[in-house]
Every structure is written in structure tokens, then in C-alpha cells.
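I have placed the structure first, in the form of C-alpha cells, so that the comments after it can refer back to it.
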Amino acid sequence: MQIESNLPATIDVDVRLTEIAKRYEQAGGVGINVLNLIGGGADNLIERLPGPVRRNLEAATVKALNHAMKAAHSSRSYVPDQKSWLNQAASAAMGAAGGAGGLPTALAELPVTTTLLLRVIQGVAVEHGFDPDAENVQFDCVQVFSAAGPLSGDNGADLGFLSARMALSGRAMQAVIAKVAPRLAVVLGQKLAAQAVPVLGAVAGAATNYAYTSYYEDMAHVHFGLRRLAIDGDVPPDELLNRLREKMGRAPVVG
């Protein structure tokens, strides 16, 4: 079920696409400031992690996503969606707490932050008129994590948001999580590495969490903004995606 949109019946598709493209391009900007703060580049962050942690990153990410799916969904009945600034402040506080004790506390904090990020994404879905309880919307919320993180040096180069619909059983959702996990594992690995030094890790943890919350909120607006525009503008999703690519100076997908 979809909640009715508050957008007017007649909209200018090109204007809306321009707004979405601007949001897309600005999404990762805060990540540059975070990299300057923690004094390094994204490429060498993960190399700072111990070998066993690096090898288990993907499994830890799958576990964190599964936890987040359950916790974020159940929390909606008693914790309302919050303002953007409050989400960012809460996320920064979690990152600081996780980084204060170095890698052990950072690992423990990982599922909690992932849950908060998913709740933020769900809140954006609601803003755009979608029901977060609908299976296809739950699928979309997880898909937002497939965008590159703000420390990747790639402002969400994955534009493959408008993928084909599929029936979502529990097994299908696990397949979605398995698809998203490798990319998210890199993002979360960068975060863990930044938090690995006690005390200094608290500052880096707060900064990276703030950056990730801001980034994924923006990418969720891109994702669900495109979804809503396809419906309200009566434009095929593939056409919208190619028009967005052109606005961003990227080659359209053929076929």
C-alpha cells in the first residue's frame, strides 16, 4: 500500500529531476571534510584494521543489516521519525561512544548505527509518500545502502536504484542483503578503521557517523524522489534514470 503523495497533480518533471541531480551531487561533500579531520584517505583506512576484522567485515555487515531490518521495523510503533538534525546528532553521539573504546566498542556499536541509518531511510520513504511496511519499500530502503558511502570518493556512482520489482519472501530479502553487503562492508570498514584508536576514535566516530547519516539521508531522497516522480509524472523509471544521468553528465544506459 502507498500513502497518498502531497505533491501537486501537475508537476514539472525536468525541474524535479534538476533538484534530484543537485541533491545527488552534494550528498558526499561532507565526506571530504571527514577525511581531512581523520587525516587520511579512504583507500588506506581499511588497511589499518586487523586481518581477522577485515576478513569478517562482510559477515559482520550481513549480521548488522539483519539486525537493523528487525529493529528498525519494530521501533516504528513506539519511536516516531525524527528531524534530520536530531538524527545526525544521535548518530554522531553513537559514533563517539563507539569510538571511545577503540575497535571493540566500535564493533559493538555497528548494528546500532546501521539500525539508525535504516530508520532515517525509512523516514525519507514516508516523506515521499511510501509505506515503510510495504515489502517493495523495505526492499528499496535496503537498496539505498548500495550507494557508495561518503568516504569512498565516489558520490554514489551506483545509479542502479530503479531495478526490476521482485516478490519479497524472506529468502528474497536475504538475497537483497547479500547483494548490498559487500559494498556496505567497505563503507563500514572505513568507519571502523577511523574509530580504531581510542579517544581519537571518539572524534572520528562522531564525524563519520554524522557524514554517513547525512549522506544516506540525501541518497534516500534521490532514490524515493525518483520513485515518486515516476508515479506522479507518469514517466517510465528507465527513462527517468537516463534523464538523470544526462543531467549529471553521465552516459545513459542503452538497452
**Request:** Show the numbers, then the answer: is there a side chain to side chain contact (heavy atoms under 4.5 Å, CB included) between D232 and V13?
**Result:** CA-CA 9 Å; D232 291 351; V13 173; over 6 Å; no
**Prompt:** Got a sec, which residues hit side chain to side chain contact (heavy atoms under 4.5 Å, CB included) with A196, two or more places apart in sequence or on another chain?
**Reply:** none
**Fill in**
Here the gap from L226 atom CG to L240 atom CG, rounded to the nearest 0.5 Å, amounts to 6.0 Å
**Asked** How about K247 and T18: does a side-chain donor come under 3.5 Å of a side-chain acceptor?
**Response** yes
**Message:** Please tell me whether Q195 and K191 have a donor and an acceptor in their side chains that are separated by less than 3.5 angstrom.
**Reply:** yes
Validation: residues 62-69 side-chain donor-acceptor distances under 3.5 Å, sequence neighbours left out:
unit_1, atom_1, unit_2, atom_2, d
N66, OD1, Q174, NE2, 2.7
N66, ND2, V62, O, 3.1

**Message:** Measuring centre to centre across the rings, with the benzene-like ring taken for any Trp, is H221 within less than 6.0 Å of H128?
**Reply:** yes
**Message:** Can you see whether F130 has R227 sitting over its ring - NZ or CZ less than 6.0 Å from the centre and within 45° of the normal?
**Reply:** no
**Request:** Determine, stepwise, if the pair E239 / R243 fulfils salt bridge (Lys or Arg N to Asp or Glu O under 4.0 Å).
**Result:** CA-CA 6 Å; E239 179 183 333; R243 287 171 64 176; 3.5 Å; yes
**Asked** Would E109 and N209 count as having a side-chain donor-acceptor pair, cut-off 3.5 Å?
**Response** yes
**Asked** From T114 OG1 over to L188 CG, what is the distance, rounded to the nearest 0.5 angstrom?
**Response** 5.0 Å
**Asked** What's the spacing between L116 CG and Y212 OH if we round to 0.5 Å?
**Response** 14.5 Å
**Message:** Under the rule for side chain to side chain contact (heavy atoms under 4.5 Å, CB included), what residues qualify as partners of A60, not counting sequence neighbours?
**Reply:** none
**Message:** Between R16 and E19, does the salt bridge (Lys or Arg N to Asp or Glu O under 4.0 Å) criterion hold? Intermediate values first, please.
**Reply:** CA-CA 5 Å; R16 289 286 293 151; E19 293 171 354; 3.0 Å; yes
